Structure formats: structure tokens, C-alpha cells
Number of protein chains: 2
Amino acid sequence: MSGHLTQNLRSDALDNRERILDAARAVFAAEGMDVPMREIARRAGVGPATLYRRFPTKQALATEAFADQMNACVAVVDEGLTDPDPWHGLCLVIEQLCELQARSRGFTAAFTSAFPHAVDLAAKREAALASLADLMRRAKGTGHLRPDVALDDLVLMLMANGGLHATSTNARVAASRRFAALTIEAFRA
Amino acid sequence: MSGHLTQNLRSDALDNRERILDAARAVFAAEGMDVPMREIARRAGVGPATLYRRFPTKQALATEAFADQMNACVAVVDEGLTDPDPWHGLCLVIEQLCELQARSRGFTAAFTSAFPHAVDLAAKREAALASLADLMRRAKGTGHLRPDVALDDLVLMLMANGGLHATSTNARVAASRRFAALTIEAFRA
DNA sequence: AGCTAAACGGACGCATGCGTCCACTACCGT
DNA sequence: ACGGTAGTGGACGCATGCGTCCGTTTAGCT
């Protein structure tokens, strides 16, 4: 799935790898992407060298760490697609994507503007965007979504949602919920 | 106006002070707040010591550098207040505040979340918010603004607008214009 | 012109984060 | 149990940004 073979690793190495990913997930979600690699290593209980051996760049680490969250995004979009009412499905997608972003400080950059070279993430992102475009097209068909709203507008709003900085996670989630509601109002025909 | 007396300075010192502020304004707008103090000193053609002597902290420098931009914000709000049609005035305020934010990368933080101790900015900010609250109240009276939209929602959207990152100023301005339009749609009754 | 104090800026020491090297450890096959 | 090798993490050198000190320059008054 991700280039490197994780199977040939020795048991302790595999163990450390998992602990590193757990630590990265926690700290990226809580503090954002501006944390030193050392801090992640420290929390994982390993030395810096071990961290750098498994993940040569912060990007590689982030890509792996956010993989499941990216999958959650894809799942949200897929779920929206299957909704019999496209407008309702779109609303759900907006609400849930905003919440996902709010719960993980660092994930925003990965999903919206994407890392320059995170191919795995970028591919899934493109697929999700294509699905969203289809969902929006159908939602316009029902007359609930304003015809002049483009896919770019949705991306725009998601990016803006990422700008909702707040110290506590709870405050961010609350703000994002309100933002999602306002976005839906902006999109409603 | 700002504690320190700038009048007793020697002519060359006063000159340098102005060049520092000009450089700070330019670089803060273009690059954001994450530029080294050294860089500003370099562009102003002075040594680091001179910069630190005039502005002990980056905050002090930013407060002075953004003073006129903050005045522009206040002017925008005041102009909106005098509009005979409150809803139209509010729309103008939203559009122009979004554009001001987009044109200066670093100003966003100063106006929305404000620096912890920038009293000058904070005071004007509070006054502007009070004015905005009044404008919104009147706009609701005309029936054009949705009754359930609060002042906090406007602040929320302005903060979100600050999250619209883009490399070029033109791209940021374009995105902000679209965002302002969507915000107005979200607020419209 | 000469003097004095204000102003200047290069240079210094400190702190932080990065990426890498190497002597030590411990897993795993025999 | 034991040897070989994958794996480890402390330590190192480098780079960048910060804030301050001090010898030198220059404005401004007489």
C-alpha cells in the first residue's frame, strides 16, 4: 500500500513503528503540523534516529498518520453519495467534513491544499472531489442546491473552515458546526 | 498616541524609524508574521540593534505597522454605519473587510484573534465590533438579514476568511471575494 | 570647526530544530 | 546457548533566529 514493506521488519521495529504513528496522530491532531520531529519521537519513546529511519521526512510520516483519517473522509463522501436525497447527502458531507477538520488540527492542510508530493493522499483527494462534483450536480437537479455554486466553492469553504483556529478542540468543533450550518445556508437555493 | 515619544528622536533616528515601519508593512503583508526581525531590519537598511531599540518586540512593531490598516477597517465599518440601507451597508462591510484581510497576509491575526496584549488594536477592534452589532441589529429590522445571525457569526466568517491561504495576493483576493459573496448569501433572510 | 551625546550596526552568545553517525543492544535462526 | 545482524538512541555538527553589548559614526548645538 505504501511503498515500503512493513512485513520484513523485526518485531520490535514493527512495534516502534506503530508507537511512532500513534504518537504522530495524537500530536498532529492536538498541536498541528508545527511540532518538532523530536517531540514525536520523545512521545513514542524512541530516539530521533529511529523516527528518521522509518519516516525520512515529516511528510512521509504525516501521510501514513493521516491515512485512516483520509479514509474516513472518503467514507463520508461515499455515504453522502448513496443518500437517496442528494441535497441531504451533500449537507451531511459538509457537516461531517467540517467536523473531521476541526477535530484534527493538522489534517486540514493535508486534505485541502494537500502536500506537494503526497501522492497517496492526492489521489484519494481527487477521487473524492470527483464524487463531490457528481453529488453537487445531482443536488442541483433537485432544485435545493443553488445552480451557480461550483465545486470550487465547496473546496473554498472547506479551506476557510480550516482557518478556524482555537485553542481547545471543543471550541473548534463548535465553531466548525456553526460554520457548516452557515455554508449550507449559503448553498441553499 | 503610542506611549513612546517619537518627537525627541534625532532626525536620522526618525528617518530610520519610518523606513523600518515601511519595510515591516511591506513584508508583513507579503509574507505574513513568520518573518525574522532580521529580515525587516535588512530590508530597512538598518542593523538589528536599531530595530530592537525602537520596537522591543515583534508585537510592538506589528501594532504600529498595522495601525493605519486598522484605521482603514474602522473607516470601512463607519462607512457601513452611515449607509441609509443597513443591509447594503453590512454587505459592503463584509466585502471590504474580506478584501482588506486578503491583501495583507499578516493583518488577519491582528484583527480577528488580536494579539494578547496589543491594547491599541484591541480597543479599536472592540469599538468596531460594537458598531457592527448595531449595524446588524438595524439590518435585521429591514428584514434582509436573517434574525438568527449573531455578531459572533460575522466574526466567525471573518476568521474563516483568514484561513484562505494562497501563494499569490491576486488568488487570495479572488478567493476572498467569492467567500464574501457566499457569506452574504448565508446571512440573507 | 569642535565637541558631546545620541544613534548606529557588526559581532557575540544562547537556544532550538534538523539530519546523520556509530558504538551498543536484543531479536531470531541454528 | 549463541552468534550474526537488524535495530536502536545518544551524541555530534550544522543552520537559523533571537536579544544584547560595545566600539564607531554622526547629528546638532555652540
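All values below come from the heavy atoms of this structure, side chains included, with hydrogens, waters and symmetry mates left out. What you see is a predicted model; the values in this text were computed from it and never measured. The chains referred to below are lettered A, B, ... by the order of the sequence lines, with proteins before strands, and numbering in each begins at 1.
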Side-chain donor/acceptor of Arg138(B) to backbone N/O of Leu81(B), under 3.5 Å: yes
Side-chain (Lys140(B)) to main-chain (Leu145(B)) donor-acceptor, under 3.5 angstrom: no
Length of the line joining Ile40(A):CD1 and dT16(C):C1', which is rounded to integer Å: 16 Å
Rounded distance in Å - CZ (Arg54(A)) to C1' (dA6(D)): 9 Å
Given DNA chain D, 5'-ward residue of the pair Thr57(B) and Ala13(A), judged by closest heavy atom: Ala13(A)
Nearest to side-chain heavy atoms of Asp12(B), which nucleotide of dC18(C), dA27(D), dC18(D): dA27(D)
Whole angstrom value for the distance that separates P of dG17(C) from CD of Glu31(A): 12 Å
Thr50(B) side-chain N/O to dA7(C) phosphate OP1/OP2 under 4.0 Å: no
Distance test, side-chain N/O of Asn16(B) to OP1/OP2 of dC8(C), below 4.0 Å: yes
Under 3.5 Å: donor-acceptor pair, side chain of Arg43(A), backbone of Ala23(A): no
Arg25(B) bridged to Asp22(B) by N-O distance under 4.0 Å: yes
Sugar-phosphate only, base, or nothing, as touched by Ala49(B) at under 4.0 Å among non-hydrogen atoms: base
Atom-to-atom span, CE of Met37(A) to P of dA15(D) - whole angstrom: 20 Å
Distance-only donor-acceptor test (3.5 Å): side chain Arg38(B), base dG19(D): yes
CA sep, side-chain torsions, deciding dist, call: Asn16(B), Thr50(B), side chain to side chain donor-acceptor pair (under 3.5 Å): CA-CA 8 Å; Asn16(B) 279 336; Thr50(B) 300; 5.5 Å; no
Ser11(B) side-chain proximity, nearest of dG7(D), dG19(C), dA27(D): dA27(D)
Length of the CG-P vector between Leu14(B) and dC8(C), whole Å: 10 Å
Arg53(B) CZ - dC22(D) P separation (whole Å): 14 Å
Separation of dC8(C) P from Ile20(B) CD1 (nearest whole Å): 8 Å
Side-chain-base donor-acceptor pair under 3.5 Å for Arg10(B) and dA7(C): no
Interatomic distance, Tyr52(B) OH vs dC14(C) C1' [rounded to whole Å]: 13 Å
